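Report on the structure given below.
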Amino acid sequence: MGLRLYNTATRSLEPFQPLDPERVGIYACGPTVYGHAHIGNFRTFVFYDLVHRTLEWLGYPVHFVMNLTDVDDKTIAAAAREGMTLEEYTAPFAESIMEEADTLGIRRFDLYPRATSYVDRMIELVSILLERGLAYSTDDGSVYFDISAFPDYGKLSGKDLEQGRRGERVAADEYEKEDARDFALWKASKEGDEAVGAVWEAPWGRGRPGWHLECSAMGLAEVGETLDLHLGGEDLIFPHHEDEIAQSEGATGKPFVRTWLHVKHLRVEGEKMSKSLGNVISVRGLIDEGVPPAAIRHQLLSAHYRSELNFTRAGLEGSARAVSRLLDFEARLEEAVEEASGDSKDEDASTETLRAIADRAEASFREALADDLNAAEALAALFVFMREANSVVDEASASGLLRALEALRSMDEVLGLLETGRAGRVVDPEFARWVESRIREREDARSERDWQRADAIREELGAEGVILEDSAQGTRWKRGTPSELPG
RNA sequence: GGCGCCGUAGCCAAGUGGUAAGGCAGAGGACUGCAAAUCCUCCAUCGUCGGUUCGAUUCCGACCGGCGCCUCCA
């Protein structure tokens with residue numbers, strides 16, 4: 001079955017059909033870099049990552065662009081408060097967001113354009129819209145989009161245009177809009193703007209671009225006149241994306257976006273995350289507390305992107321355990337492959353069974369993703385695979401085990417849990433040498449059946465975060481996640 | 001008020017017109033010197049009330065409860 005996606009514009013599942021199969025063009029609304037990103041932002045970014053990885057996994061050549069908004073009211077205000085230019089103020093935030101994204105296993109997209117680098121394009125767009133009579137400038141040098149000239153306005157969000165009555169309350173408005181629903185393409189400069197360098201020369205006056213304009217400019221410039229996919233948080237449907245459509249289509253005369261994908265907001269411990277509730281969670285904070293990044297990623301992937309996700313502490317612990325099992329599973333397969341290739345086990349029934357298990361798992365995994373990127377169901381397929389494979393690992397031959405390992409890693413190309421989780425188990429070599437020497441001492445004690453000494457060493461290692469696993473092939477060790485450690 | 005979404009086991013969370021995936025937690029068992037890891041077994045009738053249907057958790061309606069957008073918040 002081919003990929004099907006839920007298109008916000010049509011409110012239905014549609015088969016995915018890129019305009020150009022050689023280059024799938026995707027634009028995602030990125031963060032405003034005026035502060036640290038929170039876990040809600042990262043639900044969205046992890047979703048972008050899921051789209052990115054899934055399409056590539058399915059074989060599509062993807063061109064994926066996510067913008068960074070480095071000029072808007074809040075950014076200007078914050079920069080002014082700090083006495084900095086926009087550039088100086090936003091740079092560190094952009095950097096920290098990228099770092100955290102890396103930590104969560106969000107693969108780099110192809111391009112991260114910044115709004116301030118595309119102002120020329122925005123001015124061009126406004127000129128075209130003015131020429132075409134879709135926009136008007138006002139005495140103060142601002143420019144507004146004339147909604148009444150764009151009949152499709154409201155189609156994406158399903159707004160009833162007759163709701164806001166034309167002309168009403170315009171007099172009371174601080175701007176000189178002709179219609180309360182018109183939106184700014186260009187804002188005439190104010191003193192604050194000058195101080196932080198948020199001012200550009202345009203034919204109709206000095207000022208700065210309106211927020212919605214940047215995404216049209218960057219999308220058109222870096223992806224094309226018609227995007228295959230445009231992604232964003234659910235809150236952007238109106239007015240941001242509605243306005244993007246009006247500007248872009250008004251300027252090009254072509255459909256701007258074929259499929260709109262919107263991700264739902266998350267909740268924290270069952271409540272809306274908000275500054276007033278004081279429950280805004282930062283990824284940086286979680287990581288500093290010792291929460292494994294892979295656990296965060298797991299929880300963010302555990303619910304379908306169009307449903308609300310409840311981000312909780314308890315869930316984080318559960319996710320840490322789940323990821324840990326996945327890592328154990330990979331390690332177990334690797335070890336088994338090594339052993340099996342040693343004693344050249346023959347192909348047998350259990351090998352065939354393992355191959356069948358892997359095939360079936362990949363098939364249901366693929367089906368889940370193809371069905372509107374159902375990551376929760378894909379995860380279920382992976383865990384069923386893990387249970388079934390674990391039960392035959394000891395009997396299978398090297399070729400069967402390799403097939404299982406290949407399937408596991410293939411699925412992780414999309415989920416990115418192993419690759420993210422492995423980073424948490426890296427230890428420095430000196431520590432590893434110490435652990436191994438303690439394990440050898442414990443082996444001596446065990447061979448003398450000195451259980452007390454053996455257990456004492458295990459406890460000593462446990463205090464350092466090391467978990468031991470005795471098996472017929474010797475003792476394995478791993479570094480445990482906080483939730484697995486005593487205390 | 002307008003548009004829309006959700007209510008599945010202790011927690012998280014998929015899904016289907018024909019008696020409900022997966023994860024975490026929990027109970028019992030196998031394995032183990034003891035553990036760990038792993039495996040096996042157990043643990044829900046799907047907010048309430050009606051309707052349609054041979055049959056509904058899944059469709060329709062009402063109600064109760066929670067939530068989103070409608071103001072440059074992902």
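Chain letters run A, B, ... following the sequence lines, proteins first, then strands; residues in each count from 1. FYI, side chains are in, hydrogens and waters are out, and symmetry mates aren't considered; it's all heavy atoms of this structure. The model shown is predicted, which means the values in this text are computed figures rather than measured ones.
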Is any side-chain N or O of [X] closer than 4.0 Å to OP1 or OP2 of [N]?
X        : N     : value
A:Ser307 : B:A14 : yes
A:Asn374 : B:G15 : yes
A:Lys74  : B:C73 : yes
A:Arg306 : B:C6  : no
A:Arg332 : B:U38 : no
A:Lys159 : B:G2  : no
A:Arg325 : B:A36 : no

Spacing between [X] atom [atom1] and [N] atom [atom2], to the nearest angstrom:
X        : N     : atom1 : atom2 : value
A:Arg267 : B:G65 : CZ    : P     : 16 Å
A:Asn41  : B:A74 : CG    : C1'   : 5 Å
A:Arg453 : B:C34 : CZ    : C1'   : 17 Å
A:Leu382 : B:A13 : CG    : C1'   : 15 Å
A:Leu266 : B:C12 : CG    : P     : 14 Å
A:Met273 : B:G66 : CE    : P     : 22 Å
A:Trp451 : B:G33 : CH2   : P     : 7 Å
A:Glu317 : B:G10 : CD    : P     : 20 Å

- Answer yes or no: does atom CD of A:Gln452 have more than 12 heavy-atom neighbours from other residues, nucleotides or ligands under 6.0 Å?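 Counting neighbours around CD of A:Gln452, 12 or fewer heavy atoms of other residues, nucleotides or ligands fall under 6.0 Å, so no.
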- Message: Heavy-atom count check: over 12 atoms from other residues, nucleotides or ligands less than 6.0 Å from A:His36 NE2?
- Response: no
- Under a 4.0 Å N-O cut-off, is there an ion pair linking A:Glu289 with A:Arg313?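 Result for this pair is yes, salt bridge flagged.
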- Query: Is the shortest side-chain N to carboxylate O distance from A:Asp455 to A:Arg442 below 4.0 Å?
  - Reply: no
Would you state whether a donor and an acceptor, one from the side chain of [X] and one from the base of [N], lie under 3.5 Å apart?
X        : N     : result
A:Asp470 : B:C34 : yes
A:Asp455 : B:G33 : yes
A:Arg458 : B:C34 : yes
A:Arg43  : B:A74 : no

Would you tell me whether [X] and [Y] have side-chain atoms, one donor and one acceptor, within less than 3.5 Å of each other?
X        : Y        : result
A:Asp70  : A:Tyr89  : no
A:Ser157 : A:Glu242 : yes
A:His241 : A:His212 : no

Over all strands shown, is [X] touching base, sugar-phosphate only, or nothing at heavy-atom distances under 4.0 angstrom?
X        : answer
A:Lys275 : nothing
A:Ala322 : sugar-phosphate
A:Asp235 : base
A:Ile237 : nothing

- Message: Using Watson-Crick or G-U wobble geometry with both distances under 3.5 Å, which nucleotide pairs with B:C67?
- Response: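 Base-paired to B:G4.
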Taking the minimum atom-to-atom distance to the side chain of [X], which one of [options] wins?
X        : options             : result
A:Ile467 : B:C40, B:A74, B:A36 : B:A36
A:Asn310 : B:C12, B:C67, B:C34 : B:C12
A:Glu234 : B:A25, B:A74, B:G68 : B:G68
A:Arg11  : B:G4, B:C69, B:C39  : B:G4
A:Ala303 : B:G22, B:A14, B:U38 : B:A14
A:Phe238 : B:A21, B:C69, B:A37 : B:C69

- Item | Residue closer to the 5' end of RNA chain B, A:Leu309 versus A:His212 (nearest nucleotide) |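 Closest to the 5' end, via its nearest nucleotide, is A:Leu309.
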- Query: RNA chain B: A:Lys264 or A:Val384, which has the more 5' nearest nucleotide?
  - Reply: A:Lys264
- Query: Roughly how far apart, to the nearest Å, are B:G66 and B:U8 at atom C1'?
  - Reply: 15 Å
- Item | Distance, C1' atom - from B:A9 to B:G47, rounded to whole angstrom | 15 Å
- Kindly say whether A:Ala320 contributes a backbone atom to a donor-acceptor pair with the side chain of A:Ser324 at under 3.5 angstrom? no
- Query: Does the ring of A:His265 meet both stacking tests against the six-membered base ring of B:G68: centre distance under 5.5 Å and plane angle under 30°?
  - Reply: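 A stacking contact does not exist, since A:His265 is not both close and nearly parallel to the base ring of B:G68.
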